[in-house]
2 protein chains.
Amino acid sequence: AAAEVEKECMFDKVVTPSDTGKLNRLVIPKQHAEKYFPLDASSNDNGLLLDFEDSAGKPWRFRYSYWNSSQSYVMTKGWSRFVKETRLEAGDIVSFKRGVGEAARGRFFIDWRRRRGPDVVLPPPHHRGFNLLSVGSDGFACPDVNLLPILILMIRCRALFFLEIITLVLWAVWNTRNDVIFTGISPSLLMQAKV
Amino acid sequence: AAAEVEKECMFDKVVTPSDTGKLNRLVIPKQHAEKYFPLDASSNDNGLLLDFEDSAGKPWRFRYSYWNSSQSYVMTKGWSRFVKETRLEAGDIVSFKRGVGEAARGRFFIDWRRRRGPDVVLPPPHHRGFNLLSVGSDGFACPDVNLLPILILMIRCRALFFLEIITLVLWAVWNTRNDVIFTGISPSLLMQAKV
DNA sequence: GTTGCTACCTGAGCG
DNA sequence: CCGCTCAGGTAGCAA
């Protein structure tokens with residue numbers, strides 16, 4: 001039934017970790033929200049209930065509203081169930097469509113597909129310390145050829161090594177000055193300190 | 001203007017690391033909150049917006065409310081901006097005052113000053129991975145004698161060292177498989193890969 | 001106590 | 001540099 005009516009794609013979204021996580025909401029990019037799901041002042045300011053069908057004809061109902069504080073449009077109630085039952089994961093693509101033609105005009109459809117490519121986690125930009133893998137424009141993962149992160153990692157390693165040494169020295173010096181009871185590591189440094 | 005009206009101090013608070021950190025809130029000690037910023041049932045249960053002026057006459061607006069879950073009074077919205085713009089740090093002192101006399105009664109003022117004493121960072125307890133310095137009961141810094149953190153640091157260093165090696169190996173292997181253009185480091189590995 | 005949901009809030013990134 | 005967007009949060013409540 002649902003598979004046979006004529007539809008047109010409104011927009012796709014590559015879902016983020018937040019969209020599939022415990023926040024229980026899907027952010028609808030503002031441009032698409034305002035184009036396809038307008039919230040007039042006349043519509044209830046508590047948001048709307050929107051009905052969708054998936055490709056198997058299964059109905060899904062989401063609460064759709066606007067968050068003033070973040071100035072964003074979201075699907076809330078009903079969304080977490082969708083994530084769970086379709087086992088949606090970050091990086092997967094959700095596709096919003098609407099019916100065209102007399103039989104389906106005004107009906108909404110929702111569909112989803114696995115992300116292409118191997119199982120790659122896309123950390124948020126500010127958490128990207130270093131990546132061994134990146135995602136190319138073709139949607140497939142590839143090793144990150146940007147070598148800067150590797151260099152940074154190496155430098156960090158060296159820095160930590162020095163920190164380790166410095167810590168031990170500081171500790172030894174402190175023991176020397178305060179003549180505290182020896183508590184168990186680095187006997188050689190201690191001996192040296194006590195001379 | 002603000003500097004010339006008569007004020008009286010309500011209370012000072014030595015701000016904690018949480019007050020200046022990512023929690024974006026200032027806890028108001030309950031005794032002072034209930035005395036000076038009462039939240040009646042009649043007042044909006046969403047909290048209040050309180051306006052303050054600093055000694056330069058600059059206005060600051062904070063959302064002030066009660067958190068049931070922690071049974072504490074807090075300044076939320078607006079507080080993080082205050083922290084940033086005044087470069088407030090843990091240990092600094094924030095002073096809440098109110099106007100007295102006909103010209104200023106009912107107006108609130110806020111002021112801040114640097115902590116006295118040495119430059120000591122007080123990390124929140126659950127972030128204390130390792131400290132080279134602790135703060136003694138006299139308020140002065142002293143080396144931390146807890147050695148566990150040092151051991152953890154050493155282990156971390158070793159782990160990172162292995163990561164570094166693994167990264168280089170992976171990179172070399174990838175170069176081998178894809179025969180990409182050499183981009184600039186580790187000529188020896190590259191040569192090996194190209195053979 | 002745990003989960004789902006509403007309504008807030010902020011910072012990073014980007015144009 | 002400024003303003004917008006939105007990913008990632010929090011508090012509080014209800015079931």
Side-chain angles (χ1 to χ4, degrees), chain A residues 11-37 39 43-50 60-86 88-94 96 115 121-129 131 134-135 146, chain B residues 18-28 30 33 39 41 43-50 60-88 124 126-127:
Chain A
F11 61 94
D12 290 349
K13 181 178 182 183
V14 180
V15 299
T16 68
S18 294
D19 291 332
T20 58
K22 292 168 198 162
L23 299 182
N24 299 315
R25 57 98 183 108
L26 171 73
V27 170
I28 306 296
K30 181 170 274 190
Q31 48 180 340
H32 301 126
E34 292 178 346
K35 180 167 182 188
Y36 297 109
F37 308 127
L39 279 177
S43 62
N44 193 331
D45 58 359
N46 287 335
L48 310 169
L49 292 178
L50 294 182
W60 296 96
R61 170 170 289 179
F62 305 121
R63 199 177 94 97
Y64 167 71
S65 65
Y66 182 67
W67 281 353
N68 293 299
S69 53
S70 54
Q71 309 211 325
S72 52
Y73 295 89
V74 286
M75 304 283 184
T76 56
K77 191 173 140 189
W79 175 250
S80 65
R81 181 172 300 111
F82 182 87
V83 170
K84 230 179 305 181
E85 294 188 18
T86 65
L88 198 71
E89 291 170 21
D92 293 349
I93 295 152
V94 175
F96 290 91
R115 60 176 168 269
V121 174
L122 281 175
H126 59 289
H127 289 159
R128 248 177 239 162
N131 295 328
S134 298
V135 173
N146 183 347
Chain B
S18 294
D19 291 333
T20 57
K22 293 168 197 159
L23 299 182
N24 299 314
R25 57 103 184 104
L26 171 72
V27 171
I28 305 296
K30 183 171 273 190
L39 280 176
S43 63
N44 193 330
D45 58 358
N46 288 335
L48 310 168
L49 292 179
L50 295 183
W60 297 96
R61 171 170 288 180
F62 305 121
R63 201 174 92 97
Y64 168 70
S65 64
Y66 181 67
W67 281 355
N68 292 299
S69 52
S70 55
Q71 309 219 325
S72 54
Y73 296 89
V74 286
M75 303 285 182
T76 55
K77 188 173 158 189
W79 176 249
S80 65
R81 183 172 299 113
F82 181 88
V83 170
K84 225 180 309 177
E85 294 188 17
T86 65
R87 293 187 298 284
L88 199 69
H126 59 290
H127 287 158

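Lettering follows sequence order; numbering is per chain, from 1. Computed from a predicted model, the values in this text were never measured in an experiment.
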Closest approach of [X] and [Y], non-hydrogen atoms and distance?
{"X": "A:V14", "Y": "A:G91", "answer": "CG1-O, 3.5 Å"}
{"X": "B:S65", "Y": "B:G47", "answer": "CB-CA, 3.9 Å"}
{"X": "B:R25", "Y": "B:S18", "answer": "NH2-CB, 3.3 Å"}

* What do you reckon, is NZ of A:K35 surrounded by more than 12 foreign heavy atoms closer than 6.0 Å? ->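 12 or below, so no.
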Rounded distance (Å) that lies between atom [atom2] of [N] and atom [atom1] of [X]:
{"X": "A:F82", "N": "C:dC5", "atom1": "CZ", "atom2": "P", "answer": "14 Å"}
{"X": "A:D19", "N": "D:dA7", "atom1": "CG", "atom2": "C1'", "answer": "8 Å"}
{"X": "A:L26", "N": "D:dC6", "atom1": "CG", "atom2": "P", "answer": "11 Å"}
{"X": "B:Y73", "N": "D:dG12", "atom1": "OH", "atom2": "C1'", "answer": "16 Å"}

* To do: For DNA chain D, just give me the dot-bracket, please: Watson-Crick or G-U, both distances below 3.5 Å, ( ) intra-strand, [ ] crossing earlier pairs, | paired with another strand, . unpaired.
  => .||||||||||||||
* To do: Please report the C-alpha distance between B:R61 and B:L50 in whole Å, then the side-chain angles of each, then the deciding distance to 0.1 Å, and finally whether the side-chain contact (heavy atoms from CB on, under 4.5 Å) criterion is met.
  => CA-CA 6 Å; B:R61 171 170 288 180; B:L50 295 183; over 6 Å; no
* To do: Produce a footprint string for nucleotides 6-11 of chain C: one letter per nucleotide, 5' end first; B if the base is under 4.0 Å from any protein heavy atom, S if only the sugar-phosphate is, - if neither.
  => SBBBBS
* To do: Measure the NE2-CZ distance between A:H32 and A:F96 for me, rounded to the nearest 0.5 Å.
  =>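 With rounding to 0.5 Å, NE2 (A:H32) is 11.0 Å from CZ (A:F96).
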* Asked: Are side-chain N/O atoms of A:Q71 and A:Y66 paired as donor and acceptor at under 3.5 Å?
  ->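 Distance-only check fails for A:Q71 and A:Y66.
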Donor-acceptor list for residues 76-84 of chain A side chains, cut-off 3.5 Å, not counting sequence neighbours:
{"residue": "A:T76", "atom": "OG1", "partner": "A:R63", "partner atom": "NE", "Å": "3.4"}
{"residue": "A:W79", "atom": "NE1", "partner": "A:D19", "partner atom": "O", "Å": "2.7"}

